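So that the names make sense, note that chain A is the first sequence line, chain B the second, and so on, each numbered from 1. From a predicted model like this one, the values you see are computed outputs, not experimental measurements.
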There are 4 protein chains.
Amino acid sequence: MASTTMTRKPLQSRSQASLERMLAAARALMLEAGNEDFTLIDVSKRGNVAIGSIYLRFESKDALVRAVLLEELAQIAEDELVMFGTVKAKTSALEDFISNYVDAYAELLQRHAGMLRLAMLRAVFDPVIAGPGAASAERIAHNTTETILEYLTQSESPRAIEKAEATYLIIFSTLARELRLGFTGHSAHHVDWAFLKRELARMCLAYLKSDD
Amino acid sequence: MASTTMTRKPLQSRSQASLERMLAAARALMLEAGNEDFTLIDVSKRGNVAIGSIYLRFESKDALVRAVLLEELAQIAEDELVMFGTVKAKTSALEDFISNYVDAYAELLQRHAGMLRLAMLRAVFDPVIAGPGAASAERIAHNTTETILEYLTQSESPRAIEKAEATYLIIFSTLARELRLGFTGHSAHHVDWAFLKRELARMCLAYLKSDD
Amino acid sequence: MASTTMTRKPLQSRSQASLERMLAAARALMLEAGNEDFTLIDVSKRGNVAIGSIYLRFESKDALVRAVLLEELAQIAEDELVMFGTVKAKTSALEDFISNYVDAYAELLQRHAGMLRLAMLRAVFDPVIAGPGAASAERIAHNTTETILEYLTQSESPRAIEKAEATYLIIFSTLARELRLGFTGHSAHHVDWAFLKRELARMCLAYLKSDD
Amino acid sequence: MASTTMTRKPLQSRSQASLERMLAAARALMLEAGNEDFTLIDVSKRGNVAIGSIYLRFESKDALVRAVLLEELAQIAEDELVMFGTVKAKTSALEDFISNYVDAYAELLQRHAGMLRLAMLRAVFDPVIAGPGAASAERIAHNTTETILEYLTQSESPRAIEKAEATYLIIFSTLARELRLGFTGHSAHHVDWAFLKRELARMCLAYLKSDD
DNA sequence: TATGAATGAGTATTCATTCAT
DNA sequence: GATGAATGAATACTCATTCAT
């Protein structure tokens, strides 16, 4: 068994390296062009892999694109969890939480903007992408809502659940503008990002604390 | 004058009809697929126009796509003005305005969602689309902000300008989710639209009325 | 009959003018491009004639091209006769004749170079052009040969006929290089034209006067 | 070394064979039509290569045409050198040289007439073809002139250089008629080729030996 | 397994020709 | 007769996919 492993490992890592190179090449090409219009020849040259090798791992170009996006979505999901834990750990009041959360979430979305944009475009017609995307989104929505609720119940706010959910939705929507979906800064091309984040936090707080 | 019209109409309407058929066919194909990947053969068949006829009116497939989008953007700009006038006419208090505005703006964006989505995607690399899109966006942003300010100055709110601007941005961003930019309902696929609109209005109001 | 003529003339001259405009436009386009790759739309715009009108006079684009070329070939034939008469009129010795003839023939070929080039290219596959072209060529060949013979018989040269014919062939071939058929001056790009004409005349004279 | 050849040959010859088939097909089509108006589908069918394979070797149809012509021009250049060497080797007097040279040069031009004709047509607008064509022409012109001069200086002829150059030009121009540039036999369609070559040689000799 | 040359269906674009007005 | 908008066949080129080595 040891020998089997010995013999297989190098081969596997060879394969593994080749697989990673094609994924990385496709990823780079997708980010550079902002779309999926790269060719497999591009991937072949850039990733130093034979075209045939791509078809050994993926049944089509589409499957390769999906793999790249799914990999990114998994990473985003992980990053979200880490981000969420970090924010929670350093906050004890609603004010702190909302403000830090908006900052951290904004940063996360910005970091993954390129691929997230592509993932969202594809999600429109590709359930394989829409699924994990929605699942991940739901988890972060749930976590966020729960945490806001924890802070809110301390102050016995009525309609707490509804407000917490709306808050998450509005925060996500607003920050998602940064994914460059929209006319270059539709309605905002000289509004700066810091300003938007600050006011978004304030708005959410005013809303959450209001006793309507 | 009547005779002039008589003589010209048939000639114009023939051409006009053909032009409209190709624009309509392209529009329909774009909306159905959610992208610009239709072929001119599709347009030819669907619109019952010869391929050559398309090139009689447009210098390229791209120009046809642009024409479809520009037509829609012009319509959107007009609709926005009408919508804005209607909302203003029937509101006298900030509460009414925000609530009605969110409703009406949401309806407008929903009505144009398909093409607006395509316009935004193209705006990323096509200045011919980005220009009018941004101009239109800026006008509605300006109008909205001004109106909010009118109501706010009545109550001498500090930071009125910043809050009015942030309000517009956040409303637009939140409603724009409806353009299906995002995982089908990323984080919101069973949250209903009526709920979101109501809470968005409330949030904005709480924010605008807060004395931070 | 007078009235018929009255009524017809203006119409005819209208038609005539239109016909001439399309021929002139086609001619200009052919000369500018150096080939037959113009489009009928070009002719339509340039000549201010409707495309339909072209098909009223010519059964195809090819027929239009032919008409232009045939018109030019007829003009060339006429020019050749005039040129030949002029040269003969002012010369009385072989030396004068050859020298003046080479000059005048060179000038004629140069003047018609553009269309002659096109005519020759088309003659390869179009008998309608090859015919008149060859006929015209034969006449000038005959005239030239005859004239040379007149001068030669004065000096009782043996092989006079053969030499006269060869002289014409060689003069024509050499001058035809000016039609820009050949690598830009294949083998001659800094040899000047005046030199070539002078030496060509000398060579012919030496040959004609030799008693081989 | 043998094994290297063994391993490489099959790979190369497959590719090589395919490349040669497309070049040969294009060549044949060009010669048959006398122009470049063949289609890539024609090449594909005739050469039994996929259209895509053509684009694997050439970046455009134009590049394929160029390759065919350049190949021929290179062959012509080589043939010219061989021809020239052979002629020089077997001649010791001017008479012999001119006569043999005209014969051999005529044969060479005839052999390559079809492609040479196409090359010259393209040279008008394509520097890639005009360059090698002119270079090759200049070399043969130079060689010819030099050789004539060697024979002439023996007889201390005045104006030797000018006469040698003119001789080359006139020989080339006259023989080039055979490239079918000109109305099929413009001025010569029943003049036979043997006659023309003989007289051309005589004319050149008479000229070169004359003491003008 | 790995390779990358070969494949050919698919697409934008052009332009001679037709024909309704 | 005159017009010029409409037609659609034809063609260069691209690229995902296959398969012989």
Within the pair [X] and [N], is there a side-chain N or O less than 4.0 Å away from OP1 or OP2?
| X | N | value |
| --- | --- | --- |
| C:S15 | F:dA2 | yes |
| D:R57 | E:dA5 | no |
| C:S44 | F:dT3 | no |

Report task. Output yes when D:R46 and D:D42 qualify as a salt bridge under the 4.0 Å nitrogen-oxygen rule, no when they do not. Result ->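 Looking at D:D42 together with D:R46, the answer is no, because their closest N to O distance does not fall below 4.0 Å.
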
Worksheet item: Salt-bridged, A:R27 to A:E72, with N to O below 4.0 Å?
Response: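 Salt bridge flag = yes for A:E72 with A:R27.
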
Between C:I41 and D:S53, name the one whose nearest nucleotide on DNA chain E is closer to the 5' end.
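Result: D:S53.
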
On DNA chain E, check which nucleotide each of D:V49 and C:Y55 is closest to and give me the residue with the more 5' one.
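Nearest nucleotide further toward 5': that of D:V49.
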
Do we see a donor-acceptor contact under 3.5 Å between the side chains of C:E71 and C:Q75?
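Not at all, the side chains of C:E71 and C:Q75 share no donor-acceptor pair under 3.5 Å.
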
Original post:
A:R57 and A:S15: side-chain donor and acceptor closer than 3.5 Å?
Top reply: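 Yes, because at least one side-chain N or O of A:R57 sits under 3.5 Å from a partner of the opposite role on A:S15.
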
Whether A:K61 engages the ring of A:Y55 as a cation-pi pair (distance to the six-membered ring centre under 6.0 angstrom, angle to the ring normal within 45°) should be assessed.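 No, A:K61 does not lie over the aromatic ring of A:Y55.
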
query: Rounded to the Å, how far apart are C:L56 CG and F:dT3 C1'?
result: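 Rounded to the whole Å, the gap is 10 Å.
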
Using whole Å, what does the distance between atom C1' of nucleotide F:dT14 and atom CD of D:E59 come to?
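One finds 14 Å between C1' of F:dT14 and CD of D:E59, rounded.
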
| query | F:dC13, F:dG8, E:dT7: which one has an atom nearest the side-chain heavy atoms of B:A50? | reply |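 Nucleotide nearest to B:A50's side chain: F:dG8.
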
D:I51 side chain, from C-beta outward: closest of E:dA12, E:dG8, E:dT18: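 For D:I51, the side-chain atoms sit closest to E:dG8.
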
- Query: Is it true that a side-chain atom of C:S44 and a backbone atom of C:A50 form a donor plus acceptor pair closer than 3.5 Å?
  - Reply: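 Side chain of C:S44 to backbone of C:A50: no pair is present.
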
Applying a 3.5 Å limit to both distances, which nucleotide forms a Watson-Crick or G-U wobble pair with F:dA20?
->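 Pairing partner: E:dT3.
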
Point to revise | Contact list for DNA chain E against residues 33-40 of chain B - heavy-atom distance below 4.0 Å | key: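 Contacting residues: B:F38, B:T39, B:L40.
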
Q) 5'-most contact on DNA chain F: D:G52 or B:I54, nearest heavy atom basis? A)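 The answer here is B:I54.
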
Query raised in the report: Base, sugar-phosphate, or nothing: which does B:S60 touch, judged by heavy atoms less than 4.0 Å apart?
Result: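 Sugar-phosphate only.
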
